[in-house]
Protein chains: 2
Amino acid sequence: MQKIIYLHYKFDSMFSQSEENYLKAIYHLGITSVNGVSTNAIAKKLSTKASSVTDMIKKLADKNVLIYKKYQGVKLTEEGKKTAALIVRKHRLWEVFLVEKLNFNWDEVHDVAEQLEHIKSSKLINEIDALLGFPKFDPHGDPIPDTNGNLHLIEKKLLSTLHINETGICIGVKDSSASFLQFLDKQQIALGQEVEVLEKEDFDDSMTIKINDKKMTVSNKIANNLYIQKQ
Amino acid sequence: MQKIIYLHYKFDSMFSQSEENYLKAIYHLGITSVNGVSTNAIAKKLSTKASSVTDMIKKLADKNVLIYKKYQGVKLTEEGKKTAALIVRKHRLWEVFLVEKLNFNWDEVHDVAEQLEHIKSSKLINEIDALLGFPKFDPHGDPIPDTNGNLHLIEKKLLSTLHINETGICIGVKDSSASFLQFLDKQQIALGQEVEVLEKEDFDDSMTIKINDKKMTVSNKIANNLYIQKQ
DNA sequence: AATATTTTTTAGACAAGACTAAAAATGTTT
DNA sequence: AAACATTTTTAGTCTTGTCTAAAAAATATT
Ligand SMILES: [Mn+2]
Ligand SMILES: [Mn+2]
Ligand SMILES: [Mn+2]
Ligand SMILES: [Mn+2]
């Protein structure tokens with residue numbers, strides 16, 4: 001008796017949308033840690049359940065994009081890393097496109113980019129790249145991987161780690177939620193602006209800074225989510 | 001005992017990708033015929049099986065986008081027509097974008113547009129529309145529905161129906177397969193060019209025409225797939 | 001009118017991707 | 001080392017969208 005196997009995916013797409021989302025989540029979680037990425041961490045990132053994650057990582061291990069040993073968490077293989085980086089590349093290039101060409105604000109782009117990152121066409125994304133003049137960073141200051149999935153990491157530190165009288169340039173956000181971005185807009189804080197630390201309050205870790213030639217006080221929560229490039 | 005119902009779709013997307021493809025197929029098939037669209041016709045258009053179509057049209061009928069009576073074929077409701085037209089609008093606007101802004105040839109755009117048409121964001125598609133200067137036709141000469149899903153149909157006839165000495169402008173293709181479009185490129189036939197019928201051959205229904213100030217003979221198969229606007 | 005053919009529907013199955021609940025493994029305290 | 005807590009896996013179920021095979025209805029042909 002022969003078992004019939006149905007193939008419900010298109011042949012030109014190596015990975016399903018769901019598989020791509022898992023790869024991307026594991027990629028992001030894996031950048032910081034040197035250990036394997038835990039099932040629970042992936043579940044949390046994707047707002048799904050640990051049992052669903054176990055199912056999926058088994059499948060991805062079969063496809064050789066990650067290494068999985070029971071109870072040991074997962075690690076992306078080189079192929080997995082590249083695949084994930086190319087999805088991140090698409091996500092960030094689309095974000096730049098939406099801001100630069102379609103009048104989106106930086107707090108409106110993420111959800112649309114989450115959809116657009118799954119479009120399969122290398123010509124499409126390379127032409128978008130060219131149209132934008134090969135940008136190196138997305139609207140939130142995150143670096144854009146190149147066509148091979150290589151990422152050029154830049155030296156940056158959180159505003160909260162700067163000492164009094166230190167200066168730098170605001171180059172990115174750690175939290176890129178719409179509410180934080182809208183808050184920055186309201187405070188007229190934008191990427192590219194020069195920052196100088198004037199005072200630090202030990203009591204609540206708030207800081208007084210000069211930014212955009214304006215003096216203002218920011219809470220620790222803000223200072224902990226703004227990336228500064230030291231000069 | 002309580003039955004648990006799982007909701008596996010996102011709340012902001014009314015229809016799944018698959019449902020959208022069915023709606024679009026029924027929309028295209030329904031334009032010509034005054035009767036209902038048959039199960040088999042839909043199956044053929046979507047390269048699927050009649051049984052799958054029956055399942056899906058029941059579901060779409062429950063969602064009030066079409067009317068279904070067993071064995072009678074289906075007809076889109078007003079809501080269904082509008083939904084389908086807005087997907088067609090997205091497909092065609094993306095095709096224009098790819099050709100006008102990203103250096104795609106008209107034979108390369110369809111497959112990518114098939115993916116892009118499912119992106120959910122009204123701001124996105126309206127901004128693309130504006131960026132392109134609110135085009136009325138796609139690269140194949142097909143009309144682009146407006147934001148309400150209304151379509152402005154234009155008077156056109158197939159080249160094969162023109163008589164000797166009649167003239168017109170080449171405004172569209174009926175067959176928009178890559179092979180036909182590439183053939184037209186090779187013959188240097190493009191939309192917008194003026195056409196005059198010089199001779200018609202009864203034997204094989206071929207025609208001699210003057211197009212782009214060049215005299216050439218085209219087979220009936222060609223003449224049957226080129227739309228002409230009478231002057 | 002009866003029979004044959006085609007179309008459509010139903011019934012039952014499968015794969016992907018999700019869930020819950022329970023079992024098993026690992027980690028942390030005492 | 002044993003008990004407790006947490007994490008991870010397994011087992012079983014569900015939905016969506018597909019399939020094949022067979023039954024039923026509608027059409028076409030004799
Ligand atoms: Mn983003
Ligand atoms: Mn970003
Ligand atoms: Mn098309
Ligand atoms: Mn087209």
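In what follows, chains are A, B, ... by sequence order, proteins preceding strands, each numbered from 1. Side-chain atoms are counted along with the backbone in the values below, which use heavy atoms only and exclude waters and symmetry mates. What you see is a predicted model, and the numbers here were worked out from it, not measured in a lab.
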- Can you list the steps and then say if B/Ser16 with B/Ser18 is a side chain to side chain donor-acceptor pair (under 3.5 Å)? CA-CA 5 Å; B/Ser16 72; B/Ser18 202; 5.1 Å; no
- Can any side-chain N or O of A/Asn126 pair as donor or acceptor with the backbone N or O of A/Ser122 at less than 3.5 Å?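 The answer is yes, because a donor-acceptor pair under 3.5 Å joins these two groups.
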- State whether the side chain of B/Lys200 and the backbone N or O of B/Leu162 hold a donor-acceptor pair below 3.5 Å, judged by distance alone. yes
Protein-nucleotide distance ([X], atom [atom1]; [N], atom [atom2]), rounded to Å:
X       : N      : atom1 : atom2 : value
A/Ile42 : D/dT7  : CD1   : C1'   : 13 Å
A/Asp55 : D/dG12 : CG    : P     : 14 Å
B/Phe15 : D/dT16 : CZ    : C1'   : 15 Å
A/Lys69 : D/dT7  : NZ    : P     : 21 Å
B/Ile57 : D/dT18 : CD1   : C1'   : 15 Å
A/Glu19 : C/dA16 : CD    : P     : 9 Å
B/Asp62 : D/dT15 : CG    : P     : 14 Å
B/Glu20 : D/dT16 : CD    : P     : 16 Å

- Message: Quick check on side chain to side chain contact (heavy atoms under 4.5 Å, CB included): which of A/Glu117, A/Met56, A/Lys45 does A/Asn21 satisfy it with?
- Response: A/Glu117
If the cut-off is 4.0 Å, is [X] near the phosphate of [N], judged by side-chain N/O to OP1 or OP2?
X       : N      : value
A/Ser16 : C/dA16 : no
A/Thr54 : D/dT9  : yes
A/Lys49 : C/dA18 : no
A/Ser52 : C/dC19 : yes
B/Lys58 : C/dT10 : yes
A/Lys70 : C/dA25 : no
A/Tyr68 : D/dT9  : yes
B/Tyr71 : C/dT10 : no

- Item | Pair B/His91 and B/His110, ring centroids less than 6.0 Å apart | yes
- Less than 6.0 Å separating the ring centroids of A/Tyr68 and A/Tyr22?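 Distance test on ring centres: not under 6.0 Å, no.
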- Counting side-chain heavy atoms from CB outward, which of D/dT8, D/dA26, C/dA11 is closest to B/Ser51?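 Selected nucleotide: C/dA11.
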- Starting at the 5' end of DNA chain C, which residue's closest nucleotide do you reach first, A/Met56 or B/Ala50? B/Ala50
- Task: Tell me, please, whether B/Phe104 has A/Lys123 positioned over its six-membered ring: NZ or CZ under 6.0 Å from the ring centre and within 45 degrees of its axis?
- Result: yes
- Item | Residue pair B/Met207 / B/Leu159, side-chain heavy-atom distance below 4.5 Å | yes
- Query: Among residues 26-40 of chain B, which residues get a heavy atom nearer than 4.0 Å to DNA chain D?
  - Reply: none
